[in-house]
Chemist: 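One structure is given below, represented as structure tokens, and several questions about it will come after.
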Amino acid sequence: MIRVGVVEDHPLFRDGLRNLLAAEGLQVVAESSDVSGIDSIVSAAPDVVVVDLGLPDGTGLDVVRRLRKELSTTRLLVLTMSADGATASRSLAAGAHGHLVKDADPAEVVAAIRSVSAGSVVVGASVADRLHGISDTAAFTPAAEAFPSLTLRERQVLGLVADGWPNSRIATELGLSDKTVSNYVSSILSTLHAPNRAALSGLVREATGR
């Protein structure tokens with residue numbers, strides 16, 4: 001069972017999220033309504049923490065930064081009102097492993113938590129096209145239908161790997177660090193059960209005819 005922490009100041013939304021996750025077999029083990037109360041989250045050390053950016057005594061980015069330092073194995077998903085690409089970029093730069101908007105379908109929220117817990121980086125569909133660097137490359141990106149288990153960013157990296165790009169060139173193209181690209185490639189290999197980059201290229205050829 002995935003153990004979840006929630007940092008959210010609206011009681012009704014927090015209650016609704018707790019009930020949704022319980023119905024899907026996920027357990028909320030700690031909650032906080034503000035930045036000052038996240039000691040309870042740290043103590044519980046959940047598998048995933050869902051963080052709102054708009055908190056009464058600070059910003060959720062402060063929460064993300066602290067949790068990345070104190071809970072090195074915990075995954076962090078921002079769930080907030082903003083669908084602005086710059087906001088999502090700041091979430092990921094602060095250390096979040098995903099960014100969703102609160103009007104996302106409940107099934108998308110649950111799927112995002114599961115994906116983030118499994119090691120993927122998730123950006124909600126309503127945000128992805130606005131995220132700096134995620135859709136401004138002319139390189140080939142496999143369609144979501146071909147690889148439904150991958151996020152948009154992962155599919156973009158996959159397309160570049162299939163085209164024979166080394167990690168350093170992918171990093172430059174997408175505005176990422178070499179380490180981040182390496183993490184994406186490792187996640188893709190694991191998700192697609194592929195032994196190496198050549199196998200990924202073969203999967204792309206098989207799925208797309210490219």
Chemist: Determine whether Leu76 and Arg68 make a side-chain contact, defined as any pair of heavy atoms from C-beta on separated by less than 4.5 Å.
Modeler: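 Yes, at least one pair of side-chain atoms sits under 4.5 Å.
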Chemist: Supply the atom-to-atom distance Ile188 CD1 to Leu203 CG, rounded to the nearest 0.5 angstrom.
Modeler: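 Between Ile188 CD1 and Leu203 CG, I get 11.0 Å after rounding to 0.5 Å.
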Chemist: The criterion is salt bridge (Lys or Arg N to Asp or Glu O under 4.0 Å); which residues satisfy it with Asp62, sequence neighbours excluded?
Modeler: Arg65
Chemist: Using a 4.5 Å cut-off on heavy atoms from C-beta on, say whether the side chain of Asp52 contacts that of Lys102.
Modeler: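 Heavy-atom side-chain distance check passes, below 4.5 Å.
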Chemist: Are Val29 and Val4 co-members of a hydrophobic cluster defined by side-chain heavy atoms under 4.5 Å apart?
Modeler: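 In one cluster: no.
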Chemist: Going hydrophobic residue to hydrophobic residue with side-chain gaps under 4.5 angstrom, can you get from Val49 over to Ile113?
Modeler: no
Chemist: Decide yes or no on side chain to side chain contact (heavy atoms under 4.5 Å, CB included) for Leu17 and Val6, but give the supporting numbers first.
Modeler: CA-CA 9 Å; Leu17 182 59; Val6 177; 3.9 Å; yes
Chemist: So how far is it from Ser168 OG to Asp178 CG, rounded to the nearest 0.5 Å?
Modeler: 6.0 Å
Chemist: To the nearest 0.5 Å, what is the distance between CD1 (Ile170) and OG (Ser182)?
Modeler: 10.5 Å
Chemist: Please answer: with hydrophobic residues joined when any side-chain heavy atoms are less than 4.5 Å apart, are Val110 and Val28 in the same cluster?
Modeler: yes
Chemist: What pair of heavy atoms forms the shortest contact from Leu189 to Pro195, and how long is it?
Modeler: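 So the minimum-distance heavy-atom pair works out to CD2-C, 4.3 Å.
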Chemist: Glu154 and Thr191: side-chain donor and acceptor closer than 3.5 Å?
Modeler: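 Looking only at side-chain atoms, Thr191 and Glu154 do not form any donor-acceptor pair under 3.5 Å.
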Chemist: Quick one: does any side-chain atom of Arg3 pair with a main-chain N or O of Ala45 as donor and acceptor, under 3.5 Å?
Modeler: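 Between the backbone of Ala45 and the side chain of Arg3 there is a qualifying donor-acceptor contact (under 3.5 Å).
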Chemist: Using the rule that two of Ile, Leu, Val, Met, Phe, Trp, Tyr join whenever any of their side-chain heavy atoms come within less than 4.5 Å, decide whether Leu53 and Val48 are in one cluster.
Modeler: no
Chemist: From Ile2 CD1 over to Leu21 CG, what is the distance, rounded to the nearest 0.5 angstrom?
Modeler: 9.5 Å
Chemist: Would you please test Ser33 and Glu8 for side chain to side chain donor-acceptor pair (under 3.5 Å) and show each step?
Modeler: CA-CA 5 Å; Ser33 61; Glu8 165 62 54; over 6 Å; no
Chemist: Do you know the tightest heavy-atom contact between Pro56 and Asp34?
Modeler: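 Shortest heavy-atom contact: CG-CB, 3.9 Å.
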Chemist: Any chance you could measure Arg66, atom CZ, to Asp39, atom CG, to the nearest 0.5 Å?
Modeler: 4.5 Å
Chemist: Just do the side chain to side chain contact (heavy atoms under 4.5 Å, CB included) check on Val157 and Val161 with the steps written out, would you?
Modeler: CA-CA 6 Å; Val157 171; Val161 168; 4.2 Å; yes
Chemist: Determine whether Val51 and Leu77 make a side-chain contact, defined as any pair of heavy atoms from C-beta on separated by less than 4.5 Å.
Modeler: no
Chemist: The test is side chain to side chain donor-acceptor pair (under 3.5 Å); show your working for Thr180 and Ser177 and say whether it passes.
Modeler: CA-CA 5 Å; Thr180 298; Ser177 69; 2.8 Å; yes
Chemist: Looking at side-chain heavy atoms only, is the closest gap between Leu192 and Leu200 below 4.5 Å?
Modeler: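 In short, these two side chains touch, coming nearer than 4.5 Å.
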Chemist: Are the side chains of Arg75 and Asp47 in contact, using a 4.5 Å heavy-atom criterion?
Modeler: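 Side-chain contact under 4.5 Å: no.
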Chemist: Would you compute the distance between atom CG of Leu61 and atom OG of Ser91 and round it to the nearest 0.5 angstrom?
Modeler: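 Separation between the atoms: 5.5 Å.
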Chemist: Over all heavy atoms of both residues, which pair between Val109 and Ala104 is shortest? Give the atoms and the distance, please.
Modeler: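 Nearest heavy atoms, Val109 then Ala104: CG2-CB, 4.2 Å.
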Chemist: Report yes or no: do Val78 and Ile38 belong to one cluster of Ile/Leu/Val/Met/Phe/Trp/Tyr joined by side chain heavy-atom distances under 4.5 Å?
Modeler: yes
Chemist: Would you say the side chain of Leu79 lies within less than 4.5 Å of the side chain of Phe13, judging by non-hydrogen atoms?
Modeler: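 With C-beta onward as the side chain, the pair touches.
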Chemist: Under 4.5 Å between any side-chain heavy atoms of Asn167 and Val185, yes or no?
Modeler: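 In contact.
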Chemist: Contact between Arg14 and Glu31 at the side-chain level, heavy atoms closer than 4.5 Å - yes or no?
Modeler: yes
Chemist: If you look at every heavy atom in Ser40 and Gly37, which pair is closest and at what distance?
Modeler: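 That would be OG-O, 3.1 Å.
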Chemist: Would you say the side-chain atoms of Ser187 pair up with the backbone N or O of Asn183, donor to acceptor, closer than 3.5 Å?
Modeler: no
Chemist: For residues Arg197 and Trp165, report the shortest heavy-atom separation together with the two atoms involved.
Modeler: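 Nearest heavy atoms, Arg197 then Trp165: NH2-O, 2.9 Å.
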Chemist: Which heavy atom in Leu100 sits nearest to a heavy atom in Ala112, and how many Å separate them?
Modeler: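 Minimum heavy-atom separation between Leu100 and Ala112: CD1-CB, 3.5 Å.
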Chemist: Could you check whether Asp163 pairs with Arg169 (Lys NZ or Arg NE/NH1/NH2 to Asp/Glu carboxylate O, under 4.0 Å)?
Modeler: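 Arg169 and Asp163: not salt-bridged.
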